[in-house]
**Q** 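What follows is a single structure, and I will ask about it in a moment.
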There are 2 protein chains.
Amino acid sequence: MSNATHTLDAAERYCAERGLSLTPVRRRVLELLVDAGGPVKAYDLMAALKPGGSAQPPTVYRALNFLTRSGLAHKVEALNAYTACLCDYSHDKSGHDTVQLFICECCDTINERHIHKSPTDAPEGFRVSRSVIEYYGRCARCVAC
Amino acid sequence: MSNATHTLDAAERYCAERGLSLTPVRRRVLELLVDAGGPVKAYDLMAALKPGGSAQPPTVYRALNFLTRSGLAHKVEALNAYTACLCDYSHDKSGHDTVQLFICECCDTINERHIHKSPTDAPEGFRVSRSVIEYYGRCARCVAC
DNA sequence: TCTGTGGGTGTAATATAATTACATAACGTC
DNA sequence: GACGTTATGTAATTATATTACACCCACAGA
Ligand SMILES: [Zn+2]
Ligand SMILES: [Zn+2]
Ligand SMILES: [Zn+2]
Ligand SMILES: [Zn+2]
């Protein structure tokens, strides 16, 4: 259901091309993330996965690990939350190590940029393997909130 | 004790100038962070605060909140850890909203840069109020590790 | 001096986030 | 059919952080 269908189909293709198996659980978690359109807590995903009965933590954390490893989702570190990757599926998500997140604290939406440059003022000789870049503030629609 | 004395004296002056009260608990937590020279977990601080007996969580979290609010320490979001601010105390730490951390995953040391620029490719109209910028990798001494 | 008031701390309980360990299932390979 | 690999189910536990309430103390005004 929802307008997430298109995105999910693209994810399906993305996984098929790379030998990644987007199983029902993983696909369902991704769908929940896409539908939310913003940061979602792992325990909220758990509740949504099995309304009445409720899934166990490992179920959702394993799915989230798969999705983040594959580049289909990102963890929002400062919120302990997760969000679907919003970037255009036409480019390779595995080269995906430099992501900037712009999180509106008012309407809870996330904008995302994938950048390809290294930090300008790293210490001499420091070799970056992973980066966490999150900006919090207000989006254009929420400046007046 | 330790080579942290100099830094702590500077923190003392810094607080005095601004009407911030660096109480014994807060000072002790800062000292532990400075001595560690890298990311420290809140529960490790708790254990160190009262060896035998152990302090309660609010004690250390309140101290950490004070230190981070004041700019004397930073939270390392992706590690759920905390680190003393390493920047030169001569400049104002309250204008301290843009900090870059370079964390060596090998030797566990942190380098820090305070930058004064905004992100170049923020969404149109997005107003940043807080940023989290963390780079993980290997420092110059650990490239071979 | 009395009396608030506000900031800081002590303590217990609770909430939130994530991992470990072990059993089971599904699938392809030999 | 036996086996290795990958994914899932389930229970228990660990790790991280907050809430609520009591107490203390320095300080300001009456
Ligand atoms: Zn992305
Ligand atoms: Zn907004
Ligand atoms: Zn700093
Ligand atoms: Zn190193």
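Proteins come first, then strands; the chains are lettered A, B, ... in the order of their sequence lines, and each starts at number 1.
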**Q** Does dA18(C) have OP1 or OP2 under 4.0 Å away from a side-chain N or O of Lys75(A)?
**A**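 So the side-chain polar atoms of Lys75(A) do come within 4.0 Å of the phosphate oxygens OP1 or OP2 of dA18(C), strictly under.
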
**Q** On the nucleotide dG10(C), are OP1 or OP2 found under 4.0 Å from the side-chain N or O atoms that Thr59(B) carries?
**A**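 Indeed, a polar side-chain atom of Thr59(B) lies that close.
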
**Q** Rounded to whole angstrom units, what separation is found between the CG atom of Leu79(A) and the P atom of dA18(C)?
**A**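 It is 11 Å, rounded to the nearest whole Å.
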
**Q** Taking the minimum atom-to-atom distance to the side chain of Gln56(A), which one of dT11(C), dA11(D), dA17(D) wins?
**A**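 The nucleotide sitting nearest to the side chain is dA11(D).
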
**Q** Starting at CZ of Arg62(A) and ending at P of dT8(D), how long is that distance when rounded to a whole Å?
**A**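 Distance check: Arg62(A) CZ to dT8(D) P gives 8 Å.
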
**Q** Tell me the interatomic distance from Leu49(B), atom CG, to dG10(C), atom C1', rounded to whole angstroms.
**A**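 These atoms are roughly 13 Å apart.
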
**Q** How many Å lie between CE on Met46(A) and C1' on dT16(C), as a whole number?
**A**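 So the two atoms are 11 Å apart, to the nearest Å.
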
**Q** Take Leu32(B) and Val40(B), measure what side chain to side chain contact (heavy atoms under 4.5 Å, CB included) needs, and give me the verdict at the end.
**A** CA-CA 9 Å; Leu32(B) 289 166; Val40(B) 187; over 6 Å; no

**Q** Using modelled atom types and a 3.5 Å cut-off, is there a donor and acceptor pairing between side-chain atoms of Tyr14(B) and backbone atoms of Ser70(B)?
**A**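 Side chain of Tyr14(B) to backbone of Ser70(B), a donor-acceptor pair under 3.5 Å: yes, one is there.
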
**Q** Nearest nucleotide by nearest heavy atom, which residue falls closer to the 5' end of DNA chain C, Pro58(B) or Asn65(A)?
**A**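 Its nearest nucleotide lies further toward 5', so the answer is Pro58(B).
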
**Q** Looking at Asn80(B), does any N or O in its side chain come under 4.0 Å of the phosphate oxygens OP1/OP2 on dA15(D)?
**A**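 Answer no for this pair, as no side-chain N or O of Asn80(B) is under 4.0 Å from OP1 or OP2.
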
**Q** Is the shortest side-chain N/O distance from Ser21(B) to OP1 or OP2 of dG8(C) below 4.0 Å?
**A**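 Yes.
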
**Q** Whole angstrom is fine here: how far is it from CG in Leu67(A) over to P in dA7(D)?
**A**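 Leu67(A) atom CG is separated from dA7(D) atom P by 12 Å.
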
**Q** Touch check for Tyr82(A), heavy atoms < 4.0 angstrom, all strands: base, sugar-phosphate only, or nothing?
**A**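 Here Tyr82(A) touches the backbone only, sparing every base.
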
**Q** Answer with base, sugar-phosphate or nothing: what part of the nucleic acid does Arg26(B) contact at a heavy-atom distance below 4.0 Å?
**A**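 Sugar-phosphate: the residue Arg26(B), judged by heavy atoms under 4.0 Å, touches backbone atoms but no base.
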
**Q** Of the options dA13(C), dA7(D), dG8(C), whose atoms approach the side-chain atoms of Thr23(A) most closely?
**A**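 The answer is dA7(D).
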
**Q** Report yes if a donor N or O on one partner sits less than 3.5 Å from an acceptor N or O on the other, where the partners are the side chain of Tyr43(A) and the base of dA17(C); otherwise report no.
**A**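 Yes, the side chain and the base share a sub-3.5 Å donor-acceptor pair.
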
**Q** Begin from the C-alpha positions of Arg130(B) and Glu134(A) and carry the test salt bridge (Lys or Arg N to Asp or Glu O under 4.0 Å) through to its verdict.
**A** CA-CA 8 Å; Arg130(B) 186 172 79 94; Glu134(A) 299 171 3; over 6 Å; no

**Q** So, do Tyr82(A) and Val29(A) sit near enough that their side-chain heavy atoms are less than 4.5 Å apart?
**A**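 No, every pair of side-chain atoms sits at 4.5 Å or beyond.
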
**Q** Separation of Phe66(A) atom CZ from dT6(D) atom P, in whole Å?
**A**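 From Phe66(A) CZ to dT6(D) P: 13 Å.
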
**Q** Is there side-chain contact between Thr98(A) and His116(A), with at least one heavy-atom pair below 4.5 Å?
**A**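 Not in contact.
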
**Q** Give the rounded distance in Å between these two atoms: NZ of Lys41(A) and P of dT16(C).
**A**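 Rounded to whole Å, this separation is 9 Å.
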
**Q** Find the distance Tyr61(A):OH to dT14(D):C1' and express it as a whole number of Å.
**A**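 Value for this atom pair: 12 Å.
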
